[in-house]
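All values below come from the heavy atoms of this structure, side chains included, with hydrogens, waters and symmetry mates left out. One-based numbering, in listed order, for ligands and for the atoms of each.
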Amino acid sequence: MDKFDILKKYFGYPDFREGQETLIDSILSGKDVLGIMPTGAGKSICYQVPALLLPGITLVVSPLISLMKDQVHALNQAGIHAAYINSSLSESQISKALQLAAAGQYKIIYVAPERLETYEFLTFVERVEISMLTVDEAHCISQWGQDFRPSYLKIVQFINRLRKRPIISAFTATATENVKEDIVCVLGLENPYILVTGFDRKNLYFAVESPKKKDSYVINYIREHDTQSGIIYCATRKNVEKLYEKLKDEGVAVTKYHAGLESEERKKNQEDFIYDNCPVMIATNAFGMGIDKSNVRYVIHYNMPQSLENYYQEAGRAGRDGERAECILLYSAQDVAINRFLLDNKEQNSEYTKEEIDAVRERDEERLQAMIFYCMTTNCLREYILKYFGEKGNSYCGNCLNCNREYEESDVTHAAKSIISCILEARQRYGINVIAGILAGDERAKLREYGVFSYKSYGNLREMNEVEIKRIINYMLTEGLLFQTNDKYMLLKISPEADEVLHGNRSVIMKKAKTEPEKEKESAVKSKSSSKTRRSDTLNSRGLELFEQLRELRTAIAREEGMPPYIIFADKSLVDMCVKVPLNKSDMLKVSGVGENKYARYGERFLDVIREYTGGVREKFYFGNP
Ligand code: ADP
Ligand code: ZN
């Protein structure tokens, strides 16, 4: 068997996706590799396919128990012998698993990093051939990363202990240069083949909205998307609880997750969500790592997160199946205050020196600032994200709110002049919050302390609110009229170009979204039209009916087997069944995601439903061309 046979037979896919094949080839030629690909790109296949072709065992180090379990279930479903070793198993279960492994029962073994240095595990690896060591979520090894895990450093010691060095493959979705260098260096990759695919997730639609009432927005959204599964992230446990109660009162099937719940309840709620008993999950960012649910159709952020890194990771849990999904951030000025508070109270690593803590705080502040700018930009949101992660975007993606919104140009020269004068009057000693506060004539105590009430500029832009003033400041920053100092204070400074504005030789024209009422109307229309997923764009009403029947069967099987539905078949496979209308085995094997093993297990039952529904006569269940 070659890699294509394996892809077809076990995973049911006809072709590799971008990047997969070259990574697999490199591994098979004995090279170390590092694959940096966004969530949903298909990293797992890059090590699972070669694992089946290499002579010995592949060990996969993975940080999360739930993730391992999911992966192993999926592999077993596909007919691949795999197991996991972590603290969710009892000692005797672990011994049993290792015994079977030593007897050659498993090709792929997932293992938690802490296990690597246990005596039992070390004796086990002495006795078997380890062909490859795969490090999943490899960014956890970097202290520069967002989720550094000290236990990941054990991987290095482990490799050094092995009699024969295996091929090492590492995978992550984090692309920053620091993290990349750390992975190569700390893991000791030898002359590795490094592949970085684009970070763009084309199927995700991005939007930032500032509704007056976030609760009503969320309730309406869920109503319009009532058959779909989604996650709503809140910044605090309190917000989770409040929103949860509200939605429950509205009769929505919701569940919740945050670190304040008992672990039993967390587990149950998570399963309710994964098994589609409760399609809507309200959670803090404690939820989601290791959640592989592929049919999440929307991720709404009720509050702005602390960084774009967090945002892209959380939002990226939508649409892992490659189908259209929406990522909506609900922004309000209060979110900034909440985040500053959270940062100020963040628990710092006690091993850090004061300088290091300051450095961390400074980086956090920069990240937060970039996040705020995301919420304020009128340019393409996707471009903003891609640029942040060091990639080039187009200035128009056509699949974000800003690209779809109508703007009017507005002359903000007068306000710009007031802003510049104010910064000069303050002798360039303050940041964006104070400057906007002065101009808006805000009365908060802090400003009194600074003695700015006597400024000539004080209250000069009273007719605007602070958010509007900040938007203009933000625009001036992007135009290079102003800049910020590179420290944690981020003081606003004037650049030479600002002189032209001040002396009346240059006007400042800013793109502004149309006025609020129109905007709301528009976005209501917009979200109506976009609420339809590709499924209902593709399938006609007969097709949708068949899809529902297939989905019911999938739910029934999932219950019987105690598996999440998406592990049986992805939505995408069900849609493909409606498009291809398979009536026999060979037709069925052409459906995306139907491999031989899955066919043997479930194929006939799905065929029965299709035959019954069509009476054995193929009809067209979709619009246009498939
Ligand atoms: P990642 O780990 O990069 O986030 P996964 O490995 O979980 O992504 O893959 C995401 C989804 O894409 C899974 O449902 C997987 O089965 C699917 N997939 C992976 N490779 C292919 C392929 N070559 N063709 C079709 N689907 C694929
Ligand atoms: Zn765009």
Side-chain angles (χ1 to χ4, degrees), residues 3-4 6-8 10-24 35-49 60 62-64 67-68 70-71 73-75 77-78 80 134-139 169-175 195 197-208 288-296 312-313 316-323 325 327 374 377-387 393-405 407 564-574 576 591-595 598:
K3 59 187 183 217
F4 289 105
I6 290 193
L7 186 70
K8 183 78 206 95
Y10 293 104
F11 299 96
Y13 300 132
D15 318 292
F16 287 105
R17 286 197 189 143
E18 185 197 345
Q20 287 177 331
E21 203 177 343
T22 48
L23 280 167
I24 292 171
I36 303 183
M37 301 155 109
T39 313
K43 290 186 278 297
S44 324
I45 289 215
C46 300
Y47 58 83
Q48 289 166 347
V49 168
V60 183
S62 168
L64 289 152
L67 198 87
M68 291 186 209
D70 233 34
Q71 293 268 8
H73 280 159
L75 286 171
Q77 286 287 325
I80 296 166
T134 294
V135 184
D136 201 8
E137 311 287 349
H139 60 281
S169 56
F171 297 88
T172 176
T174 302
L195 178 104
T197 63
F199 259 61
D200 190 10
R201 302 268 313 273
K202 293 193 176 58
N203 60 321
L204 299 185
Y205 165 85
F206 289 97
V208 176
M289 266 287 249
I291 301 296
D292 237 348
K293 192 173 197 310
S294 63
N295 64 340
V296 175
Y312 203 50
Q313 186 177 48
R317 299 198 170 113
R320 293 183 70 133
D321 52 12
E323 300 281 295
C327 308
Y374 174 80
T377 185
T378 49
N379 294 329
C380 174
L381 293 170
R382 186 181 310 276
E383 183 196 24
Y384 186 95
I385 295 174
L386 292 177
K387 268 194 176 158
N394 292 328
S395 54
Y396 178 86
C397 77
N399 192 24
C400 77
L401 179 58
N402 289 358
C403 284
N404 284 294
R405 176 131 85 180
Y407 286 96
Y566 60 85
I567 286 195
I568 312 292
F569 279 127
D571 282 6
K572 204 173 169 172
S573 300
L574 301 190
D576 207 31
V591 170
S592 170
V594 183
K598 287 226 176 141

Does T197 have any side-chain contact (heavy atoms from CB on, under 4.5 Å) partners at least two apart in sequence or in another chain, and if so, which?
E18, M37, P38, L195
Distance check, rounded to the nearest 0.5 Å: D571 atom CG versus D576 atom CG?
12.0 Å
Could you tell me the residue and atom name of the protein heavy atom closest to atom 7 (O) of ligand 1, and the distance to it rounded to 0.1 Å?
R320 NH2, 3.4 Å
Quick check for you: to the nearest 0.5 Å, what is the distance between I385 atom CD1 and F199 atom CZ?
12.0 Å
Answer with yes or no whether A41 contacts ligand 1, where contact means a heavy atom under 4.0 Å from a ligand atom.
yes
Protein contact for atom 13 (C) of ligand 1 (heavy atom, distance under 4.0 Å):
no
Can you report which non-hydrogen protein atom sits closest to atom 20 (N) of ligand 1, along with the distance?
Q20 NE2, 2.9 Å
On a heavy-atom basis, the closest approach of C46 and Q20 is SG-CG, 3.7 Å
Working to 10°, measure the angle at the Zn ion (ligand 2) formed by atom SG of C380 and atom SG of C403.
100°
Atom 4 (O) of ligand 1: closest protein heavy atom, distance to 0.1 Å, is G40 N, 2.6 Å
Polar atom proximity, S44 to ligand 1 (N or O, under 3.5 Å):
yes
Rounded to the nearest 0.5 Å, what separation is found between the CG atom of N399 and the CG atom of N404?
7.0 Å
Structural part of Y13 in contact with ligand 1, heavy atom criterion under 4.0 angstrom
side chain
Just wondering, do Y205 and L401 contact through their side chains at under 4.5 Å, heavy atoms?
yes
Is a side-chain donor or acceptor of N379 paired with a backbone partner of Y384 at a separation under 3.5 angstrom?
no
Determine, using heavy atoms of I45 and all atoms of ligand 1, whether some pair is separated by less than 4.0 Å.
yes
If you compare all heavy atoms of V208 against all heavy atoms of L381, which two are closest, and at what distance to 0.1 Å?
N-CD1, 3.9 Å
Check: G42 N/O within less than 3.5 Å of ligand 1 N/O
yes
Pick one of side chain, backbone, both or neither for how P38 approaches ligand 1, counting any non-hydrogen atom pair under 4.0 Å.
backbone
Could you list which atoms of ligand 1 come closer than 4.0 Å to a heavy atom of F16?
23 (N)
Examine D15 against ligand 1 and note whether any of their N/O atoms are separated by less than 3.5 Å.
yes
